[in-house]
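What follows is one structure encoded as structure tokens, with my remarks underneath.
Residue numbers begin at 1 in each chain, while the letters A, B, ... track the order of the sequences. Predicted, not measured: the structure shown is a model, and the values here were computed from it.
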There are 2 protein chains.
Amino acid sequence: MPHDHADLHPGQDDCLGCTSPDLAFARHDHDHCAADVLARAEQLAAASGARLTPVRKRVLEILLESHKAMGAYDVLQRLAADGFGNQPPVAYRALEFLVDQGFAHRIRRLNAFAACMHPGETHAPTFLICKACDAVAEAPAAPVRAALDAAAQAIGFAIERTNIEALGLCPACRTVAP
Amino acid sequence: MPHDHADLHPGQDDCLGCTSPDLAFARHDHDHCAADVLARAEQLAAASGARLTPVRKRVLEILLESHKAMGAYDVLQRLAADGFGNQPPVAYRALEFLVDQGFAHRIRRLNAFAACMHPGETHAPTFLICKACDAVAEAPAAPVRAALDAAAQAIGFAIERTNIEALGLCPACRTVAP
DNA sequence: CCTTGACGTGTTACAGTATAACATACATAA
DNA sequence: TTATGTATGTTATACTGTAACACGTCAAGG
Ligand SMILES: [Zn+2]
Ligand SMILES: [Zn+2]
Ligand SMILES: [Zn+2]
Ligand SMILES: [Zn+2]
């Protein structure tokens with residue numbers, strides 16, 4: 001989904017940075033980053049008939065405020081402050097919707113949720129979680145998934161869903177604390 | 001660690017089945033399977049100085065009763081029935097020890113724990129979880145881990161620990177419920 | 001011998017995560 | 001209109017995990 005962007009270099013016809021895997025770990029124009037993902041999610045929802053209601057959209061906005069994963073109860077606090085319900089199911093249901101639609105991912109290692117940074121694109125989510133700054137990036141996972149599929153196929157196992165998560169240090173935090 | 005096994009074919013000098021990844025999904029001599037792993041764990045503990053105390057050993061035995069993952073509270077119930085403490089920390093501490101020693105793995109998708117089926121061998125654990133029969137197998141993961149390392153290295157991320165889990169249908173359950 | 005310190009176990013109490021079940025509201029369709 | 005499906009809100013409860021302290025054992029060092 002091409003879009004205008006003031007910072008584009010001459011001859012650059014799209015904001016390539018928006019889909020870069022390491023963007024989460026680098027300083028970048030995150031307002032643009034988040035707005036772009038939100039717009040794409042809205043388009044996808046409209047196209048598929050999925051109802052991105054106020055609560056659900058608000059939850060996605062909240063997740064998109066940073067590249068960190070948020071616990072359901074943190075999301076809930078924000079929702080309550082915005083006048084929505086303040087009971088756990090309110091947050092969990094909205095999060096479940098977003099996950100089902102592919103607009104968010106569940107990071108099981110953290111008992112938390114993160115906005116999907118490239119909704120619509122089919123991707124076997126693979127997460128790199130920085131233990132120092134808590135940022136979460138979706139890494140390019142095609143080769144990982146292929147290797148996993150091969151291992152499964154070798155023994156006749158049919159994979160339906162995967163959770164691939166790696167904990168470590170992002171490029172920025174590595175240099176600070178070796 | 002070679003060992004005697006009555007079922008070995010002539011010319012077979014070790015129980016190769018014990019390390020086969022799909023063993024968890026196939027009918028097999030599980031008593032032998034579990035006893036073998038337990039013996040290996042005991043040897044490793046003795047060699048490293050790690051203290052495989054009664055509670056810890058009992059927890060490993062409990063995990064080894066099947067190829068399924070068990071929740072900490074299920075383990076705890078069993079411990080209590082055996083006369084050990086019946087408070088959560090008793091189970092969690094023993095499980096933590098086993099995980100630290102590489103005698104068990106934590107399956108985050110299930111909030112549960114499973115015995116490691118090849119302790120001592122360095123392995124980046126990758127789990128195949130059957131959603132029908134709940135069996136959990138550790139798959140050969142070297143290629144998966146290599147692909148993940150490559151993806152991480154490409155953006156300068158230093159991986160420390162990984163959780164790679166796949167949910168699906170095992171060979172046996174596939175044929176029953178397509 | 002006795003002390004000291006490390007470690008393992010047991011307990012209380014609590015924190016954090018998640019869901020079941022029911023009530024209400026609103027949309028759309030028959 | 002009435003019915004039906006879906007979304008939201010609420011109560012209550014279940015499930016998962018940890019902090020902190022008390023007690024016992026054992027080995028090292030006085
Ligand atoms: Zn961003
Ligand atoms: Zn970082
Ligand atoms: Zn077995
Ligand atoms: Zn199965």
Length of the [atom1]-[atom2] vector between [X] and [N], whole Å:
X	N	atom1	atom2	result
Arg108(A)	dG17(D)	CZ	P	11 Å
Arg109(B)	dT16(D)	CZ	P	15 Å
Asp100(A)	dA7(D)	CG	P	11 Å
Leu76(A)	dT10(D)	CG	C1'	12 Å
Arg51(B)	dC7(C)	CZ	P	9 Å
Lys57(B)	dG8(C)	NZ	C1'	17 Å
Leu110(A)	dA18(C)	CG	P	11 Å
Asp74(A)	dG16(C)	CG	C1'	11 Å

Shortest side-chain distance from [X], nucleotide among [options]:
X	options	answer
Val55(A)	dT8(D), dT11(C), dT16(D)	dT8(D)
Phe84(A)	dA7(D), dC7(C), dG9(D)	dG9(D)
Pro88(A)	dG17(D), dT19(C), dT8(D)	dT19(C)
Val90(A)	dG9(D), dT6(D), dT12(C)	dG9(D)
Phe113(B)	dG17(D), dC7(C), dT10(D)	dG17(D)
Arg56(B)	dA19(D), dT10(D), dG8(C)	dG8(C)

For this session: Step through the shown structure and confirm whether more than 12 heavy atoms of other residues, nucleotides or ligands are within 6.0 Å of CD on Gln153(B).
Result: no
Seminar exercise, completed: Scanning both residues in full, the closest heavy-atom pair of Cys170(A) with Phe157(B) reads CA-CD1, 3.6 Å
Exercise. So does Arg106(A) get a side-chain nitrogen or oxygen closer than 4.0 Å to the phosphate oxygens (OP1/OP2) of dA18(C)?
Worked result: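 Result: yes.
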Problem set entry | Distance test, side-chain N/O of Tyr92(B) to OP1/OP2 of dG17(D), below 4.0 Å | yes
Exercise. For the side chain of His28(B) and the backbone of Leu23(B), is there at least one donor-acceptor N/O pair under 3.5 Å apart?
Worked result: yes
For this session: Could you please spell out the steps behind the salt bridge (charged side-chain N to carboxylate O under 4.0 Å, His left out) verdict for Arg40(A) and Asp36(A)?
Result: CA-CA 6 Å; Arg40(A) 243 181 304 168; Asp36(A) 178 60; 2.6 Å; yes
Exercise. Any donor-acceptor pair under 3.5 Å joining the side chain of Tyr73(A) to the base of dA18(C)?
Worked result: yes
Exercise. Does a distance-only test, which skips hydrogens and angles, find a donor-acceptor pair under 3.5 Å between the side chain of Arg93(B) and the base of dG10(C)?
Worked result: yes
Seminar exercise, completed: Of Phe97(A) and Asn86(A), the one whose nearest nucleotide on DNA chain D sits closer to the 5' end is Phe97(A)
Which atom pairs, one a donor and one an acceptor, fall under 3.5 Å between side chains of residues 83-109 of chain A and the rest of the protein, sequence neighbours left out?
unit_1: His105(A); atom_1: NE2; unit_2: His123(A); atom_2: NE2; d: 3.1
unit_1: His105(A); atom_1: NE2; unit_2: Glu138(A); atom_2: OE1; d: 3.3
unit_1: Arg109(A); atom_1: NH1; unit_2: Asn163(B); atom_2: OD1; d: 2.4

